[in-house]
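Worksheet: the structure to be examined is printed underneath.
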Amino acid sequence: MIYFCAALFLEARPFIERYQLQKTSALKNMQIFQGPAASLIISGAGPTRAAAAVAHLLTLISPEHCPGNNLGHLFVNVGLAGSIVFPQGEIVLCHKLTNTFTGYDFYPEIPFGHGFREGALGSFGHSIRAESLPYDLADMEGAFVFEAAEFFLPLHQIVCLKVVSDQFAPRDVSAETAAAVMRRAADPIAAWIDRETARLDGAANRFFFSPEELEAMERVRQNLFLTRAMCLALEKACQKAKSREENILSVLAEAAGSGRGGKNASKPIYARLMRQLSPTQK
Amino acid sequence: MFFSHIYVEREAAEYATARAILPRFSQSVPISISHYKDVFCRRGQNFTRQKRRPQLILAVKREDYFHRGSRMCDGFGQDNFIYTTQIMNCPFDCAYCYLRGLYGSANVVIFVNPEDTLQAVANSLPAFICVSYDTDLLAFEALTGYVRRWLAFCAARPEAVVEIRTKSAAFHSIAGFDALPNVQLAWTVSPDSVIERFERGTPGLNARLADMRRALEKGWRVRLCVDPIIKTRGWEQDYRAAAQTIRAALPMERLLGVSVGCFRVSKTHYARMEKLEPFSEIFGYTMEERDGTIGYPDEAEMIAMTRAWLTGGAL
Ligand code: SF4
């Protein structure tokens with residue numbers, strides 16, 4: 001699942017279209033869009049809204065309950081930012097984010113081979129107009145969004161991508177220009193996101209047990225009337241036995257085949273199975 | 001060695017070590033930070049993922065220049081046994097490494113003010129000092145030159161006995177120095193089957209033995225460590241064969257000593273390590289807890305057998 005958080009509709013729109021997201025609910029000033037592969041929330045600007053939006057999205061569509069068991073998800077904060085270091089339209093991956101209220105710095109994990117420029121982002125609670133700032137980029141939510149997302153996802157699954165719209169003078173840029181800048185950047189951003197999520201999914205789905213082994217464990221569970229605790233113990237024992245390169249399929253099949261005589265008759269079969277799975281070299 | 005990003009503490013950037021290291025990574029992105037813990041101690045890091053492409057952090061050590069040795073380490077009977085941590089984490093990636101349980105991050109931290117550590121240790125002599133702790137100092141030698149600093153330190157202070165433990169084949173980086181009676185070079189070796197499966201990035205057994213032989217020829221005091229022994233299916237055959245290779249490659253009588261030990265870690269570290277790689281064979285065998293340490297229940301027999309193989313005994 002890809003989670004998007006954008007402050008404004010014009011920043012979100014290219015991704016809503018690309019991932020064919022449908023509006024599913026609206027809080028005051030906070031719209032949520034969902035599709036099979038992505039969810040998106042429009043937070044509005046500023047620290048409180050950013051934090052509320054992230055918490056709301058990641059609680060409503062919890063990564064823990066999505067397929068992939070929390071491993072293949074990517075949270076992306078996309079939006080416009082001001083910069084005097086980078087030209088208009090440049091896509092910048094933020095490698096350092098500063099909450100300018102608290103002065104705290106946040107350091108995202110940098111995805112390997114992303115191909116974007118990189119920079120340090122300062123996040124402010126209000127629109128700024130400045131000649132210079134000690135940051136490569138400035139916006140009104142990036143660091144706040146990151147700080148909130150950290151509570152829900154591992155670091156390497158959170159990225160902040162900014163598209164440069166202005167030179168620290170946001171009011172000088174019309175809404176049409178900003179929307180056009182965002183639209184042009186959306187394709188390379190989405191292409192990278194698709195590659196990155198495929199990579200994360202691949203890592204998440206490298207299953208240890210073969211489908212046959214999982215099926216055999218399931219048959220043992222049913223035929224031996226295993227409780228949840230017994231199932232967990234069996235899985236752990238199978239995991240250790242397989243790590244020792246032992247053939248677990250045959251012992252599981254034998255146990256499943258001999259266990260159809262009711263709960264009491266199953267107990268010694270389960271005990272024997274666990275003995276067979278435990279290491280012979282003590 | 002490549003780091004795509006280098007985090008540099010603002011204060012560290014002023015030190016000569018940092019100024020020497022940074023130009024060697026002109027392709028890396030430098031990121032200025034206030035304190036190394038802001039990066040190294042972030043929550044939500046994934047050690048195994050980071051280990052595939054670790055980043056470098058340059059920092060200043062401000063306290064705890066050395067520590068008293070833990071009871072799990074072999075202090076070789078020395079009273080004042082201390083260890084220093086001038087680098088955190090290691091260029092190698094051993095699946096059984098306790099650093100996986102100790103640190104939340106696999107990024108490498110190099111403290112750029114080794115002179116402060118040397119000064120603190122100088123005030124605490126006489127001592128037996130393990131300097132390649134929480135890292136493999138010799139493997140980083142080409143980058144840091146820290147081993148050479150310890151050699152100069154020891155040359156001037158006979159009351160300091162320093163152990164430099166390594167799995168590297170980087171003896172060449174100090175081969176130009178004269179052997180010192182108060183410096184012990186210790187190589188940890190394993191059978192090639194263990195190296196291939198569980199010691200990612202390390203040189204093979206023969207390369208380590210060749211380095212040990214060279215060091216002995218140059219008059220260095222050399223210790224052999226078969227520690228930790230890793231239990232696998234058929235570990236006996238692998239360790240017996242490795243012992244034969246070792247005996248054929250080294251003049252065993254000239255070694256300063258042979259340490260043999262089994263895989264063991266603190267209970268807390270073990271739990272964290274198992275969580276990182278639950279499907280590894282390292283965690284596939286019965287373990288037992290003794291005084292907060294997790295180890296094999298039959299470690300005494302394993303150690304005795306390996307010792308016998310190393311000394312050519314039958315068993
Ligand atoms: S060489 Fe030593 S410190 Fe380095 S990873 Fe292996 S066990 Fe850990």
Side-chain angles (χ1 to χ4, degrees), chain A residues 70-71 75 93-98 103-114 116-121 134-136 146-147 149-158 199-200 203-204 206-209 235-248 277-282, chain B residues 2-10 28-50 52-55 57 95 104-107 197-198 231-236 274 277-288 296-299 301-302 305:
Chain A
N70 204 14
L71 295 166
F75 181 96
L93 184 123
C94 302
H95 59 211
K96 176 175 178 177
L97 303 100
T98 304
Y104 290 153
D105 297 323
F106 300 92
Y107 300 92
E109 288 284 294
I110 318 289
F112 189 75
H114 55 77
F116 301 118
R117 303 287 298 274
E118 287 183 24
L121 173 78
Y135 311 103
D136 302 323
F146 187 88
E147 197 171 351
E150 265 192 325
F151 283 95
F152 296 87
L153 283 164
L155 269 187
H156 67 276
Q157 290 171 240
I158 311 169
R199 211 177 48 74
L200 287 170
R206 237 179 275 129
F207 290 121
F208 180 68
F209 292 118
E235 194 178 320
K236 183 114 182 162
C238 285
Q239 179 185 308
K240 288 186 179 273
K242 190 169 174 183
S243 79
R244 300 188 304 268
E245 295 169 22
E246 284 169 22
N247 179 359
I248 60 169
L277 289 170
S278 69
T280 45
Q281 287 172 331
K282 287 284 178 236
Chain B
F2 173 74
F3 304 103
S4 66
H5 293 73
I6 304 185
Y7 297 89
V8 189
E9 275 186 5
R10 272 183 282 281
S28 310
V29 179
I31 301 173
S32 169
I33 58 174
S34 316
H35 196 283
Y36 80 93
K37 287 185 181 172
D38 294 347
V39 179
F40 193 72
C41 301
R42 291 169 295 173
R43 80 174 148 221
Q45 296 180 92
N46 181 316
F47 189 99
T48 31
R49 190 179 179 280
Q50 282 183 349
R52 274 178 250 142
R53 291 190 191 94
Q55 316 289 14
I57 302 169
S105 171
N107 291 330
R197 289 186 60 197
F198 304 120
K231 191 182 275 189
T232 56
R233 204 180 170 82
W235 73 271
E236 297 98 326
E274 190 179 15
E277 274 193 61
F279 305 124
S280 169
E281 192 180 354
I282 299 271
F283 308 106
Y285 293 88
T286 307
M287 302 299 267
E288 184 175 272
Y296 301 128
D298 51 349
E299 70 171 17
E301 292 100 291
M302 292 174 73
M305 283 160 88

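Each chain gets a letter, A, B and so on, in the order its sequence line appears, and its residues count up from 1.
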From Leu155(A) CG over to Gln45(B) CD, what is the distance, rounded to the nearest 0.5 angstrom?
6.0 Å

Ignoring hydrogens and angles, tell me if any N or O in the side chain of Glu150(A) forms a donor-acceptor pair with the backbone of Gly44(B) under 3.5 Å.
no

Can you check whether Ile31(B)'s main-chain N or O pairs, donor with acceptor, with Lys96(A)'s side chain at less than 3.5 Å?
no

Gap separating the CE atom of Met287(B) from the NZ atom of Lys240(A), nearest 0.5 angstrom
8.5 Å

Side chains of Gln50(B) and His156(A): does their closest heavy-atom pair fall under 4.5 Å?
no

Any Tyr285(B) side-chain heavy atom under 4.5 Å of Arg244(A) side chain
yes

Non-hydrogen atoms of chain B under 4.5 Å away: do they reach the side chain of Lys236(A), the backbone, both or neither?
side chain

Is Arg42(B) close enough and on-axis enough to Tyr107(A), meaning under 6.0 Å and within 45°, for cation-pi?
no

Check whether Glu299(B) gets within reach of chain A through its side chain, its backbone, both or neither, counting any heavy atom under 4.5 Å.
neither

Chain A contact via Ile282(B) - side chain, backbone, both or neither, heavy atoms under 4.5 Å
neither

Quick one: sort the Phe208(A) and Phe279(B) rings into parallel, tilted or perpendicular, breaks at 30° and 60°.
parallel

Flag the pair Ser34(B) / Asp105(A) as yes when at least one side-chain heavy-atom distance between them is below 4.5 Å, and no otherwise.
yes

Is it the backbone or the side chain of Glu245(A) that comes under 4.5 Å from a heavy atom of chain B, or both, or neither?
both

Within the 4.5 Å heavy-atom criterion, are Pro154(A) and Asn46(B) side-chain neighbours or not?
no

Is the positively charged end of Arg43(B) above the ring of Phe151(A), judged by distance under 6.0 angstrom from the centroid and angle within 45° of the axis?
yes

Is there side-chain contact between Arg233(B) and Glu246(A), with at least one heavy-atom pair below 4.5 Å?
yes

Evaluation steps, side-chain contact (heavy atoms from CB on, under 4.5 Å), between Arg49(B) and Glu109(A):
CA-CA 10 Å; Arg49(B) 190 179 179 280; Glu109(A) 288 284 294; 4.2 Å; yes

Top of Phe112(A), Tyr104(A), Phe106(A) for chain B proximity - count of heavy-atom pairs under 4.5 angstrom
Phe112(A)

For a quick test of reading the model, state the closest non-hydrogen atom pair linking Gly284(B) to Pro279(A) and the distance between them.
O-CG, 4.2 Å

